[in-house]
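Below is one structure; the comments refer to it alone.
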Protein chains: 2
Amino acid sequence: MTMTTEKETNQKKIPSMTVRRLFLYYRALLESKDTSVISSEELAEITGFSAAQIRKDLTYFGQFGTPGRGYNIDQLKQKLIQILGVDREWNVALVGAGNLGRALLTYQGFKQQGFKVSTVFDKDKEKVGKSYHGVLISDFAHAKEIIKSHDIRIAIIAVPAVAAQEVVDQLVEAGVSAILNFVPYRIKVPPHIKLLNIDMAAELGRLSYYLTNDVVLAKMPELKEDTL
Amino acid sequence: MTMTTEKETNQKKIPSMTVRRLFLYYRALLESKDTSVISSEELAEITGFSAAQIRKDLTYFGQFGTPGRGYNIDQLKQKLIQILGVDREWNVALVGAGNLGRALLTYQGFKQQGFKVSTVFDKDKEKVGKSYHGVLISDFAHAKEIIKSHDIRIAIIAVPAVAAQEVVDQLVEAGVSAILNFVPYRIKVPPHIKLLNIDMAAELGRLSYYLTNDVVLAKMPELKEDTL
DNA sequence: TTTTTATGTTATAATTATTGACAAGGATAC
DNA sequence: GTATCCTTGTCAATAATTATAACATAAAAA
């Protein structure tokens, strides 16, 4: 029980909440271009997190600031980009060209943050072959080749629930290793696949709960999981 | 320091993760119509959570099962519906009729779960007055009257980031008390407003992080916050 | 009446996250 | 060049949350 298995060395066990906040720090820095230096206190002001927390989050990855001064914005931004792995453009595959899928395809927020939906798949022969917003819709039957040739590691899925598991299985087989799932279905994936679920209807369900059982929150929770 | 303030009596402090899972139990029950009774073990099988956890979650709200037998499906479903407050149809307002907004408007997942997007707002004079999928797009300037007359308590927002805060402020003033925010911007709301953020780009950012710093997860985490 | 089965509940363990405090490091001003 | 001020990096303590396991109890079936 010395090495091997479990957690592959390094990686000091970063809290998942830290990872989440990191991206928000990064986005906040994209805005503030007024000054060249920013203190944890100022960044706290902008993002709504505590200064202590920001400093703690950052030091998981190194020492980026200068005492008595703060953080050099450009430098910190660069570091965050590097940490988050957004120092490149990711090619993302979208599976499902329905209403939601097409909206995701044109969603500017992805592009702005360095994610390019470079391929769209669908099974519908009606859609296959056509282009939507400059992106060709390919037959999902050919997903494997295309994914490999485009070096795609991230996929977004927006297909009917019944098709979800099958689609994901094939994506995994094709070499995709991260999936952003919009389908309201709990997909099973092997442990090495990174899966994130966005369950929009379930979120409304939560709101319905909190509205119904009028939960009075003591204070505005500073983005614990996601507010609330 | 006897009563008043803090947490308004009752409400035994339900873990937020429990609320999340509750909705997933509910959705799972919608499917399984084969039998009339289901055990926590069986429900665990379907949903992927542990049987102990399911029982624990449920008993926050009462005793719904019969020992030696399990849970009566119809009865449990009914209870969950009641707890979640989805025993009615919620009228939801959508603000922002852009690409994303329009996709959300037609998203079947909402309707299926009892949420009806009954009103759409936009500021764009081009869009106002037109209908989209049978729903009239109204001028956001008239939001207050319309929201009040339609008894709308939940709003979904999908507007440009710069407009988000202003829009939310007005929604709150109009009487909306729950907001599902798709805008990648940390909106500030008074403590009594329930706000849930869906930050799609940030989710991709997280995936990018996990992909870059290859984090090997010891085991498939059973939907802690949302997988990963 | 006995056996079986699955719930409800309590206690425990573990994890995870937040907060506060402070020493040390630079920068700036004098 | 020295003193003062400011802000970081980090440690330790605390707090909150969540999950797990075990078991007594209660209903059903045999």
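Quick note on labels: first sequence line is chain A, next is B, and so on, each numbered from 1.
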Heavy-atom pair of closest approach, residues B:V176 and B:R153: CG1-O, 3.5 Å
Rounded distance (nearest 0.5 Å) linking atom CG of A:D57 with atom CZ of A:R20: 13.0 Å
Value rounded to 0.5 Å, distance of CG in B:L204 from CG in A:L196: 8.5 Å
Counting only side-chain N and O atoms of [X], is one of them less than 4.0 Å from OP1 or OP2 of [N]?
| X | N | result |
| --- | --- | --- |
| B:S40 | C:dT7 | yes |
| B:R55 | C:dT7 | yes |
| B:Q63 | C:dT9 | yes |
| B:T18 | D:dT17 | no |
| B:R21 | D:dA19 | yes |
| B:Y71 | C:dT5 | no |

Evaluation steps, side-chain contact (heavy atoms from CB on, under 4.5 Å), between A:R206 and B:K194: CA-CA 10 Å; A:R206 292 169 75 193; B:K194 292 104 176 67; over 6 Å; no
Grab the [atom1]-[atom2] distance between [X] and [N] for me, whole Å please.
| X | N | atom1 | atom2 | answer |
| --- | --- | --- | --- | --- |
| B:Y60 | C:dT10 | OH | P | 12 Å |
| B:L58 | C:dT7 | CG | P | 9 Å |
| A:M17 | D:dT17 | CE | P | 13 Å |
| B:K56 | D:dC23 | NZ | P | 18 Å |
| B:Q53 | C:dA14 | CD | C1' | 14 Å |
| B:I14 | D:dA16 | CD1 | P | 17 Å |
| A:D57 | C:dT16 | CG | P | 15 Å |
| B:I38 | C:dT5 | CD1 | P | 18 Å |

What does the list of N/O pairs under 3.5 Å between the protein and nucleotides 28-30 of chain C look like, with a distance for each?
unit_1, atom_1, unit_2, atom_2, d
C:dT28, OP1, A:R69, NH1, 3.4

Modelled atom types, side-chain donor and acceptor of B:Q165 and B:D169, under 3.5 Å: yes
Residue A:T59, side-chain atoms from C-beta onward, closest of C:dG8, C:dA17, D:dT10: D:dT10
Of the listed nucleotides C:dT19, C:dA17, C:dT18, the one nearest the side chain of A:S50: C:dT19
Residue mapping more 5' on DNA chain C - nearest nucleotide basis, A:G68 or B:G65: B:G65
4.5 Å side-chain heavy-atom contact, A:L76 and A:L58: yes
Contacts of type side-chain contact (heavy atoms from CB on, under 4.5 Å), residue A:S50, not counting sequence neighbours: A:A52, A:Q53
Hey, can you pull the donor-acceptor pairs under 3.5 Å for the side chains in residues 81-91 of chain A, sequence neighbours left out?
unit_1, atom_1, unit_2, atom_2, d
A:W90, NE1, A:G85, O, 2.9
A:W90, NE1, B:S208, OG, 2.9

Position toward the 5' end of DNA chain D (nearest nucleotide), A:P67 or A:A52: A:P67
